[in-house]
Colleague: 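Quick one: the structure is below, questions incoming.
All values below come from the heavy atoms of this structure, side chains included, with hydrogens, waters and symmetry mates left out.
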Amino acid sequence: MQQKIRFQIEGMTCQACASRIEKVLNKKDFVESAGVNFASEEAQVTFDDSKTSVADIAKIIEKTGYGAKEKTENALPQPEETAHIGWRLWLLFTINVPFLIGMAGMMIGRHDWMIPPVWQFVLASIVQLWLAIPFYKSAWASIKGGLANMDVLVTIGTVSIYLYSVYMLFFSPHAAHGMAHVYFEVGVMVIGFVSLGKFLEHRTKKSSLNSLGLLLKLTPTQVNVQRDGEWKQVPIDQVQIGDLIRANHGERIAADGIIESGSGWADESHLTGESNPEEKKAGGKVLAGALMTEGSVVYRAAQLGSQTLLGDMMNALSEAQGSKAPIARVADKAAAVFVPAVVGIALLTFIATWLIKGDWTLALMHAVAVLVIACPCALGLATPAAIMVGMGKAVKHGIWFKDAAAMEEAAHVDAVVLDKTGTLTEGRPQVAAVYCVPDSGFDEDALYRIAAAVEQNAAHPLARAIVSAAQARGLDIPIAQNAQTVVGAGITAEVEGVGLVKAGKAEFAELTLPEFSDGVWEIASVVAVSVNGKPIGAFALADALKADTAEAIGRLKKHGIDVYIMSGDNQGTVEYVAKQLCIAHAFGNMSPRDKAAEVQKLKAAGKTVAMVGDGINDAPALAAANVSFAMKGGADVAEHTASATLMQHSVNQLADALLVSQATLKNIKQNLFFAFFYNILGIPLAALGFLNPVIAGAAMAASSVSVLSNALRLKRVKID
């Protein structure tokens with residue numbers, strides 16, 4: 001049986017590390033697929049659990065030289081500890097100070113500012129033989145695994161320059177005369193700059209890039225719980241399902257639950273992206289993380305921790321951020337050959353410089369500069385860093401992407417297919433007119449009773465409207481048995497004392513509607529009813545457009561996205577709605593198969609199609625589309641099929657999703673361009689001697705930080 005597991009990986013230093021773990025895992029016959037995200041430091045592995053275990057996979061990862069900790073599905077993501085400068089980095093800074101002063105002195109002709117060579121040797125030895133050990137361990141593990149990482153380049157470069165300086169200081173012919181040229185400062189400062197760059201990169205990845213930390217802060221640590229008839233403040237981990245909890249003005253809700261008493265207003269924008277507070281009163285629901293902006297409520301806890309909607313969102317975000325976008329393959333392929341290629345270029349640089357200049361010291365400096373300037377880290381971070389920020393931004397707008405591939409595909413969408421009921425309209429239709437077939441033997445009340453008996457077994461908004469209308473009339477609704485849904489047509493059931501009843505489209509109930517003077521029948525959704533094969537009447541149901549639908553359609557058109565309506569409703573109703581929204585493409589009387597076929601036609605015509613729906617009948621079209629969006633709270637099969645979930649039943653949120661995706665993909669391309677341009681420009685400059693190793697080390701450290709900084713710009717991008 002296939003099982004998917006996620007691991008938190010420790011010890012990766014660049015994209016080559018992630019590629020190595022992927023390569024090792026994907027070679028195993030029991031692993032279907034394995035992906036490692038350098039930015040989130042996470043591995044996602046799909047494997048056959050009849051052939052291996054989670055523990056065995058963790059051991060495989062550990063044998064490659066990295067730590068692997070399983071991330072369980074039901075546990076909430078844990079808050080990351082704030083990265084602090086450790087003693088090792090402080091000591092490196094301290095040792096770098098005299099060398100920095102000496103370097104500054106040499107730039108202005110004051111060579112006496114540099115400390116004596118013997119002291120340079122002592123300090124450099126502390127760095128090279130002790131503080132640089134993590135680089136050596138990582139480099140050795142990488143070489144054993146068959147793929148070289150960034151630390152291999154740093155190790156080769158700094159060890160080479162250290163050994164050269166030791167030789168020149170103690171063993172060269174010039175040493176006895178104090179004329180030896182030593183470059184201890186190069187190794188010390190390169191190790192210092194690279195270590196600083198790694199720290200800044202780590203801190204950015206753990207704090208600024210990831211939105212999980214902000215979400216974790218939404219859950220209160222202490223809550224007021226009723227115990228033994230008294231209100232007591234207890235830690236959140238002591239709350240149990242069924243407990244009564246009180247949330248006052250300014251406090252956050254600790255669990256999903258039902259309000260027992262009190263009233264107020266709660267801000268649930270962390271889940272829905274909707275900034276307007278929701279009114280809360282007895283019998284209503286509250287969601288974990290919501291902020292009580294007014295009033296006070298007492299609610300009974302129904303779901304806790306990872307079982308809450310907030311917990312579900314956090315786990316979904318964590319998994320999505322850890323996935324890889326297809327565009328990341330560009331960087332993966334480059335990283336796989338990058339380090340060996342750089343070592344080859346450095347060797348050629350050494351030989352060419354020595355032959356041309358006749359100075360092997362200069363040749364060594366140029367070669368070391370090439371080794372140090374090259375940085376596969378920027379390549380490895382280019383895609384995942386932007387994806388992490390983009391995913392977080394999407395969540396803030398109430399959009400849950402299942403994975404990075406879905407977000408990348410959404411960025412290419414140029415055609416959107418929309419269902420009508422519940423997507424463009426409020427999804428709360430009301431009975432506007434009733435028609436009873438003459439001489440059928442059933443009056444209006446009987447029509448309501450029979451239709452409601454069948455429709456109470458359906459979840460469609462039209463069905464709920466008929467049931468509500470019958471209940472409002474105070475009618476007794478008979479029992480219906482053996483209900484069966486005919487997808488895209490209607491529903492049948494045996495109604496006690498009546499017989500076999502069909503409710504649905506006019507043709508499904510074999511009803512031919514007469515010409516009506518009331519124009520509502522031309523634009524309304526029609527539900528016809530038949531008993532034992534004989535039509536007895538029909539309902540005309542009207543459904544108002546959502547307040548923001550017209551604005552959302554305008555936004556989509558503004559960005560060059562074609563809009564199509566595909567609905568199972570009659571063509572006249574669909575065209576009426578399309579005309580109101582200035583949509584040129586309107587298709588009515590569409591079965592689920594018809595919708596899927598039309599989506600396939602659009603794709604065949606070269607369109608990248610996004611489908612939006614919330615019902616069972618939308619599932620085939622959702623599956624056929626390039627990328628699909630389901631409304632939260634709609635049919636389970638629709639949510640399961642869709643590539644992303646919209647927390648609000650709003651097309652505006654769809655526009656947000658597409659625009660966030662476009663901004664994210666643009667940012668990825670910028671990052672990749674910068675990473676490739678940096679190396680394409682930096683390596684030749686280093687080879688030609690325009691960059692010394694110290695500047696190269698600083699530039700390498702800055703490259704990753706620059707990519708991360710560009711990714712963080714996504715947080716400030718306006719979506720309009």
Colleague: So how far is it from His397 NE2 to Asp656 CG, rounded to the nearest 0.5 Å?
Modeller: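 It is 5.0 Å, given to the nearest 0.5 Å.
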Colleague: Tell me the ring pair (Phe, Tyr, Trp, His ring centres under 6.0 Å) pairs involving residues 277-313, sequence neighbours left out?
Modeller: none
Colleague: Contact between Glu251 and Asn224 at the side-chain level, heavy atoms closer than 4.5 Å - yes or no?
Modeller: yes
Colleague: With sequence neighbours excluded, what pairs up with Ser263 under the side-chain contact (heavy atoms from CB on, under 4.5 Å) test?
Modeller: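 By the side-chain contact (heavy atoms from CB on, under 4.5 Å) rule, Ser263 matches Lys281.
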Colleague: Check Tyr435 against Leu447 and note the closest heavy-atom contact, atom names and distance.
Modeller: O-CD2, 3.6 Å
Colleague: Could you measure the distance from the CG atom of Asn589 to the CG atom of Asp594? Nearest 0.5 Å is fine.
Modeller: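 Asn589 atom CG to Asp594 atom CG measures 9.0 Å (nearest 0.5 Å).
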Colleague: Given salt bridge (charged side-chain N to carboxylate O under 4.0 Å, His left out), test Lys280 with Glu268 step by step and report yes or no.
Modeller: CA-CA 11 Å; Lys280 301 297 177 182; Glu268 297 176 344; 2.7 Å; yes
Colleague: Taking only residues two or more places apart in sequence or in another chain, which ones pass ring-ring contact (aromatic ring centres under 6.0 Å, His included) with Tyr564?
Modeller: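 Per chain and number, Tyr564 pairs via ring-ring contact (aromatic ring centres under 6.0 Å, His included) with His585.
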Colleague: Might you point out which heavy atoms bring Ser53 and Phe47 nearest each other, and give the distance in Å?
Modeller: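 Where Ser53 meets Phe47 most closely, the heavy atoms are C-CE1, 4.4 Å.
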Colleague: Within the 4.5 Å heavy-atom criterion, are Ser661 and Met407 side-chain neighbours or not?
Modeller: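 In short, these two side chains touch, coming nearer than 4.5 Å.
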Colleague: Are more than 12 heavy atoms, taken from residues, nucleotides or ligands other than Lys285, located less than 6.0 Å from that residue's NZ atom?
Modeller: no
Colleague: Any side-chain heavy atom of Asp543 sitting closer than 4.5 Å to one from Val577?
Modeller: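 Side chain of Asp543 against side chain of Val577, heavy atoms only: no contact under 4.5 Å found.
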Colleague: Return the set of residues passing side-chain contact (heavy atoms from CB on, under 4.5 Å) with Glu507 (not counting sequence neighbours), or none when no residue passes.
Modeller: Lys505
Colleague: Where do Pro478 and Glu496 come nearest, in terms of heavy atoms and distance?
Modeller: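 So the minimum-distance heavy-atom pair works out to CB-O, 4.4 Å.
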Colleague: Let me confirm one number: the CD1-CD distance from Ile241 to Gln303, rounded to the nearest 0.5 Å.
Modeller: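 So the gap between those two atoms works out to 5.5 Å.
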Colleague: Looking only at heavy atoms, which two atoms of Leu304 and Ala255 are closest? And how far apart?
Modeller: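 Closest pair (atom of Leu304, atom of Ala255, distance): CD2-CB, 3.5 Å.
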Colleague: Please determine whether the number of non-hydrogen atoms from other residues, nucleotides or ligands lying under 6.0 Å from atom OH of Tyr576 exceeds 12.
Modeller: no
Colleague: Within the structure provided, determine whether Val416 and Val651 are in side-chain contact (heavy-atom separation under 4.5 Å).
Modeller: no
Colleague: Are the side chains of Lys420 and Thr573 in contact, using a 4.5 Å heavy-atom criterion?
Modeller: yes
Colleague: More than 12 heavy atoms of other residues, nucleotides or ligands under 6.0 Å from CG of Asp476: is that the case?
Modeller: no
Colleague: Quick test of your reading of the model: are Arg473 and Glu444 salt-bridged, counting only N-O distances below 4.0 Å?
Modeller: yes
Colleague: Output all residues satisfying side-chain contact (heavy atoms from CB on, under 4.5 Å) with Ala578, sequence neighbours left out; order by chain, then residue number.
Modeller: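 Partners of Ala578 under the side-chain contact (heavy atoms from CB on, under 4.5 Å) test: Ile565, Ile583, Ala586.
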Colleague: Hey, does the side chain of Asp414 reach the backbone of Ile561 with a donor-acceptor pair shorter than 3.5 angstrom?
Modeller: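 Checking the backbone N and O of Ile561 against the side chain of Asp414, no donor-acceptor pair under 3.5 Å is found.
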Colleague: Is there a donor-acceptor pair under 3.5 Å between the side chain of Thr293 and the backbone N or O of Trp265?
Modeller: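 Judged by distance alone, yes, a pair lies under 3.5 Å.
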Colleague: Determine whether Val486 and Lys502 satisfy the following criterion, side chain to side chain contact (heavy atoms under 4.5 Å, CB included), listing intermediate values before the conclusion.
Modeller: CA-CA 10 Å; Val486 180; Lys502 290 184 176 181; over 6 Å; no
Colleague: Judged by atom type as modelled, is there a donor-acceptor pair below 3.5 Å linking the side chain of Arg6 to the main-chain atoms of Gln44?
Modeller: no
Colleague: For Ile479, I'd like to know if atom CD1 has over 12 heavy atoms of other residues, nucleotides or ligands within 6.0 Å.
Modeller: no
Colleague: Ignoring hydrogens and geometry, is there a side-chain-to-backbone donor-acceptor pair from Thr52 to Asp49 under 3.5 Å?
Modeller: no
Colleague: Before you tell me yes or no, could you show the steps for Val413 and His559 under side chain to side chain contact (heavy atoms under 4.5 Å, CB included), namely the whole-Å CA-CA distance, both residues' side-chain angles and the distance that decides it to 0.1 Å?
Modeller: CA-CA 10 Å; Val413 166; His559 290 275; over 6 Å; no
Colleague: About how many Å separate CD of Glu260 and CZ of Arg246, when rounded to the nearest 0.5 Å?
Modeller: 14.5 Å
Colleague: Below 4.5 Å, heavy atoms only, C-beta onward: do Arg449 and Val498 meet side chain to side chain?
Modeller: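 Not in contact.
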Colleague: Would you mind listing every side chain to side chain donor-acceptor pair (under 3.5 Å) that reaches into residues 479-494, with sequence neighbours excluded?
Modeller: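 Listed once each, the pairs would be none.
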Colleague: Which pair of heavy atoms, one from Ala406 and one from Asp403, lies closest together, and at what distance?
Modeller: N-OD1, 2.8 Å
Colleague: Within the distance-only criterion (no hydrogens, no angle test), does the side chain of Thr46 pair as donor or acceptor with the backbone N or O of Lys4 below 3.5 angstrom?
Modeller: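 No; judged by distance alone, with no hydrogens or angles, the pair does not exist.
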Colleague: Go through it in stages, so that I can follow the logic: the residues are Lys595 and Asp419, the test is salt bridge (charged side-chain N to carboxylate O under 4.0 Å, His left out), and I'd like the CA-CA distance, side-chain angles, deciding distance and then a yes or no.
Modeller: CA-CA 10 Å; Lys595 290 182 181 180; Asp419 182 37; 3.4 Å; yes
Colleague: Would you say that Val437 contacts Phe442 through its side chain, given a criterion of any heavy-atom pair below 4.5 Å between the two side chains?
Modeller: no
Colleague: Start with the C-alpha distance between Asp48 and Glu32, add both sets of side-chain angles, then the distance that settles side chain to side chain contact (heavy atoms under 4.5 Å, CB included), and finish with yes or no.
Modeller: CA-CA 7 Å; Asp48 187 343; Glu32 179 181 327; over 6 Å; no
Colleague: Would you confirm whether Arg300, through its side chain, and Gly257, through its main-chain N or O, come within 3.5 Å as a donor-acceptor pair?
Modeller: no
Colleague: Less than 4.5 Å apart, any side-chain heavy atom of Ser530 and any of Glu510?
Modeller: no
Colleague: Test Ile466 against every option in Val454, Leu541, Val529 by the side-chain contact (heavy atoms from CB on, under 4.5 Å) rule and name the one that passes.
Modeller: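 Answer to the side-chain contact (heavy atoms from CB on, under 4.5 Å) test with Ile466 among Val454, Leu541, Val529: Leu541.
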Colleague: Give a yes or no on whether the backbone of Pro277 and the side-chain of Asp267 come within a donor-acceptor separation of less than 3.5 Å.
Modeller: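 No; judged by distance alone, with no hydrogens or angles, the pair does not exist.
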Colleague: With side chain to side chain contact (heavy atoms under 4.5 Å, CB included) as the test, would you mind laying out the steps for Ile553 and Leu424 before giving the verdict?
Modeller: CA-CA 10 Å; Ile553 299 301; Leu424 296 173; 4.3 Å; yes
Colleague: Please round to the nearest 0.5 Å and tell me the distance separating atom CG of Leu646 and atom CH2 of Trp400.
Modeller: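 Rounded to the nearest 0.5 Å, the CG-CH2 separation comes to 11.5 Å.
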Colleague: Can you name the nearest heavy-atom pair linking Ala509 to Pro535, along with the distance?
Modeller: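 Between these two residues, the closest heavy atoms are O-CB, 3.8 Å.
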Colleague: Taking atom CG of Asp548 and atom CD of Gln653, what is their separation to the nearest 0.5 Å?
Modeller: 9.5 Å
